[in-house]
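Okay, structure first, notes after.
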Amino acid sequence: MCGIVGYIGSKDTMPILLDSLKKLEYRGYDSSGMAFLDHEAHLLVRKAKGKICNLEELFRAQPLPYTRVGISHTRWATHGFPSDINAHPHIDGKNSIAVVHNGIIENYKELRDFLKKKGCKFVSATDSEVIPHLIAHFYKGDLFSAVKQALQKLIGTFALGVISRDHPGMLIAARVGSPLIIGIGEKENFIASDVPAILDFTRRVIYLKDSEIAVLTKDKVDLYTFEGKKVTPHIDTVSFSVTTARKEGYPHFMIKEIHEQSSVLEQMLALRLKNKKLVLEGLKLSDAFLKNVRKVSIVACGTAYHAGLVGKYIIESLGRLSVEIETSSEFRYRNPIIDKHTLVLAVSQSGETADTLAAVREAKAKGAKVIAICNVVGSSLAREADGILYTYAGQEIGVASTKAYTAQLMMFYLLALKLATVRKSITPKASKELMDQLLRVPALYKEVLKDIHKIQKIAEANSHFGCFLFLGRHVNYPSALEGALKLKEISYIPAEGYAAGEMKHGPIALIDEYRAVVCINPQSHVYDKMSSNMQEIRARKGNVIAIATRGDHEIKSNADYVIDIPKVADILSPLLVALPLQLLAYYIAVKRGCDVDQPRNLAKSVTVE
Ligand code: G6P
């Protein structure tokens with residue numbers, strides 16, 4: 001899984017690729033590499049383990065000649081650990097053909113055995129290395145034909161960029177499953193894993209479809225099917241812009257993004273609750289359809305899945321509609337029981353997560369309507385869904401999702417309100433009250449942030465614990481899962497999220513004086529139940545950090561530390577609880593010296609299964 005950029009034109013290639021590749025670092029950052037053809041058609045390959053800045057350093061130390069064609073890659077390891085050798089581009093045995101690959105070649109073992117028998121020598125542990133060898137195997141002077149034949153043999157998902165010493169004026173691209181776009185410039189053309197990567201150079205793009213091959217020269221782009229039939233390209237002009245996020249004085253993007261949440265939610269509400277009227281532009285579904293929906297099915301991964309879990313509580317509670325939720329990776333292989341009366345909600349910050357895209361395709365094939373709740377404008381998910389509710393949280397750089405999560409939560413409240421209104425499961429008075437409460441949330445975020453130093457101290461005082469439990473009930477059970485995920489993602493501390501009622505069925509065995517337990521217990525109808533769980537933890541010497549409603553003095557007797565949040569309606573509490581959970585994870589990770597914005601082994605968007 002990874003990000004790809006390619007260029008063919010008259011300008012110097014390396015700076016263009018470097019600039020574009022950095023915009024794809026969200027897809028992986030364990031190693032990167034580039035291949036170029038110089039004016040004598042020598043194939044020049046540079047690779048570096050680690051982040052793209054290491055490759056940049058290499059170019060500074062070993063400057064390249066001016067080149068006019070090249071391919072580049074930033075990697076998130078699937079097959080073979082991160083190293084210079086396993087980094088892309090991969091090349092064939094004659095050092096003639098270079099390939100960058102995003103995806104997984106599932107039949108690589110058979111292909112490797114076959115190619116080894118033909119005398120190919122493999123140097124890496126990757127699945128991808130079979131591709132240049134396979135193309136070379138079929139190559140008889142016609143690169144397009146060789147690529148086409150190789151594609152017939154590949155099983156799995158892939159987006160590819162191919163260049164060859166024998167064809168210095170040509171760049172070939174192809175895809176199945178993994179996204180790839182072509183950028184059309186003036187006497188120059190591009191390939192990239194997503195649009196923002198090349199927006200500084202062109203706004204004219206072709207979204208390559210599955211099983212299509214593109215042959216790029218500096219002057220034109222020709223499209224073909226894998227069988228070689230010519231396809232007329234459809235060129236889109238991209239209207240959105242992407243601003244480059246900066247830290248603006250914050251030590252990390254994550255803390256900047258945590259601070260941004262108040263204004264993100266404020267802007268979202270200004271757009272979506274105009275004069276207390278719901279504006280869900282992009283939903284594209286009639287009230288009649290929404291009224292007759294029989295079931296909602298939510299698909300998502302990671303943090304977006306946790307937002308979906310909260311969404312289930314909200315939609316069921318307000319819309320009185322049955323909601324199922326499943327991680328996309330399970331949904332796609334389960335043969336789910338859905339039909340044209342099912343509303344599928346696909347939640348994704350990036351809109352590029354491979355499993356979520358596959359789940360959406362599965363749902364559409366079964367006749368369901370799919371609405372995406374997505375942050376990245378113009379992403380694959382936004383294009384494939386029947387309707388799109390953008391969260392407009394702005395670019396999120398920190399790999400651990402913060403503002404995108406709370407924006408997803410807010411979107412669930414708004415969507416649930418819409419469903420409840422259409423289905424008449426909420427009175428106009430209750431609807432107005434809920435809107436009033438939602439409109440107050442951005443200001444409440446600022447209130448929580450006033451306690452940031454206190455939360456930092458609590459985090460630091462607990463940063464030595466080697467294991468954390470996060471417990472919550474009802475609508476804050478998903479908050480517990482998200483709190484645990486945030487902590488493990490960025491601090492590498494084993495952390496478990498549990499429904500507090502389940503503690504007695506296992507996790508309680510973990511509790512002793514060496515564990516920290518975060519108990520999410522704002523005022524609610526399950527307050528007393530949760531308080532009992534807190535006492536059970538204290539009785540076993542566990543260290544309790546409570547998140548509670550401001551003014552709750554009783555909780556102090558059950559906790560070692562208390563973090564306050566302002567009082568809100570029960571159903572809205574996950575919005576406020578999220579903030580101290582994010583801050584706890586952040587300050588613990590910082591105290592432990594972790595790479596908060598780019599934690600090891602993770603990627604912002606997972607574009608393979
Ligand atoms: C990765 C990221 C998570 C994210 C998940 C889903 O695992 O590290 O932060 O929640 O992917 O990403 P999506 O873009 O679909 O929300």
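Counting begins at 1 with the first residue of the sequence. As the structure is a prediction and not an experimental result, all values here were calculated from the model.
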Any side-chain heavy-atom pair of [X] and [Y] under 4.5 Å:
X      : Y      : result
Met411 : Met268 : yes
Val344 : Val360 : no
Cys301 : Val606 : no
Asp570 : Tyr313 : no
Asp595 : Arg600 : no
Asp436 : Lys276 : yes
Leu572 : Arg440 : no
Lys22  : Glu56  : yes

_Which label fits Tyr392 and Tyr390: parallel for a plane angle under 30°, tilted from 30 to 60°, or perpendicular past 60°?_
tilted
If you apply the rule side-chain contact (heavy atoms from CB on, under 4.5 Å), what do you find for Phe331 with Ile338, and how did you get there?
CA-CA 11 Å; Phe331 179 94; Ile338 53 171; 3.8 Å; yes
Charged N-O contact under 4.0 Å between [X] and [Y]:
X      : Y      : answer
Lys295 : Glu324 : yes
Glu384 : Arg361 : yes
Lys486 : Glu489 : yes

- Does the pair Glu447 and Lys450 meet the rule for a salt bridge (charged side-chain N to carboxylate O under 4.0 Å, His left out), with working shown? CA-CA 5 Å; Glu447 272 192 44; Lys450 283 185 192 155; 5.8 Å; no
Counting neighbours of [atom1] on [X] that are heavy atoms of other residues, nucleotides or ligands and sit closer than 6.0 Å, is the number greater than 12?
X      : atom1 : value
Glu281 : CD    : no
Lys256 : NZ    : yes
His453 : NE2   : no
Lys291 : NZ    : no
Tyr514 : OH    : no
Lys567 : NZ    : yes

CZ (Arg320) and CD1 (Ile426) are apart, to the nearest 0.5 Å, by 12.0 Å
Between the CD atom in Gln349 and the CG atom in Leu381, the distance rounded to the nearest 0.5 Å is 11.0 Å
Counting distance only, does the side-chain N/O of [X] pair as donor-acceptor with the main-chain N or O of [Y] below 3.5 Å?
X      : Y      : result
Lys312 : Val323 : yes
Asn543 : Glu513 : yes
Asp386 : Val370 : yes
Asn375 : Gln395 : no
Gln408 : Gly308 : no
Arg272 : Leu414 : no
Gln261 : Ile258 : yes
Glu257 : Gly398 : yes
Glu396 : Ala404 : yes
Tyr413 : Met435 : no

Taking atom types as modelled and ignoring hydrogens, do the side chains of [X] and [Y] form a donor-acceptor contact shorter than 3.5 angstrom?
X      : Y      : value
Thr402 : Gln582 : no
Gln437 : Glu433 : no
Asn476 : Ser573 : yes
Thr303 : Glu482 : yes

For this session: May I ask you to establish whether Arg592 and Tyr492 are in a cation-pi arrangement, using a distance under 6.0 Å from NZ or CZ to the six-membered ring centre and at most 45° from the ring axis?
Result: no
* With salt bridge (charged side-chain N to carboxylate O under 4.0 Å, His left out) as the test, would you mind laying out the steps for Glu362 and Arg334 before giving the verdict? => CA-CA 10 Å; Glu362 172 76 13; Arg334 188 173 55 86; over 6 Å; no
Tightest non-hydrogen contact, residues Ile455 and Leu584, listed as CG2-N, 4.2 Å
Of all heavy-atom pairs linking Val279 and Leu271, the shortest is CB-O, 3.7 Å
Report task. Would you sort out whether Lys556 and Asp552 count as a salt bridge (charged side-chain N to carboxylate O under 4.0 Å, His left out), showing the intermediate values? Result -> CA-CA 8 Å; Lys556 289 188 185 133; Asp552 177 357; over 6 Å; no
Side chain to side chain contact (heavy atoms under 4.5 Å, CB included) test vs Ile565 passes for just one of Ile547, Ile520, Asp451, namely Ile547
(message) Evaluate Glu266 against Lys446 for side-chain contact (heavy atoms from CB on, under 4.5 Å), listing each step before the verdict.
(response) CA-CA 11 Å; Glu266 198 170 356; Lys446 289 188 185 144; 4.2 Å; yes
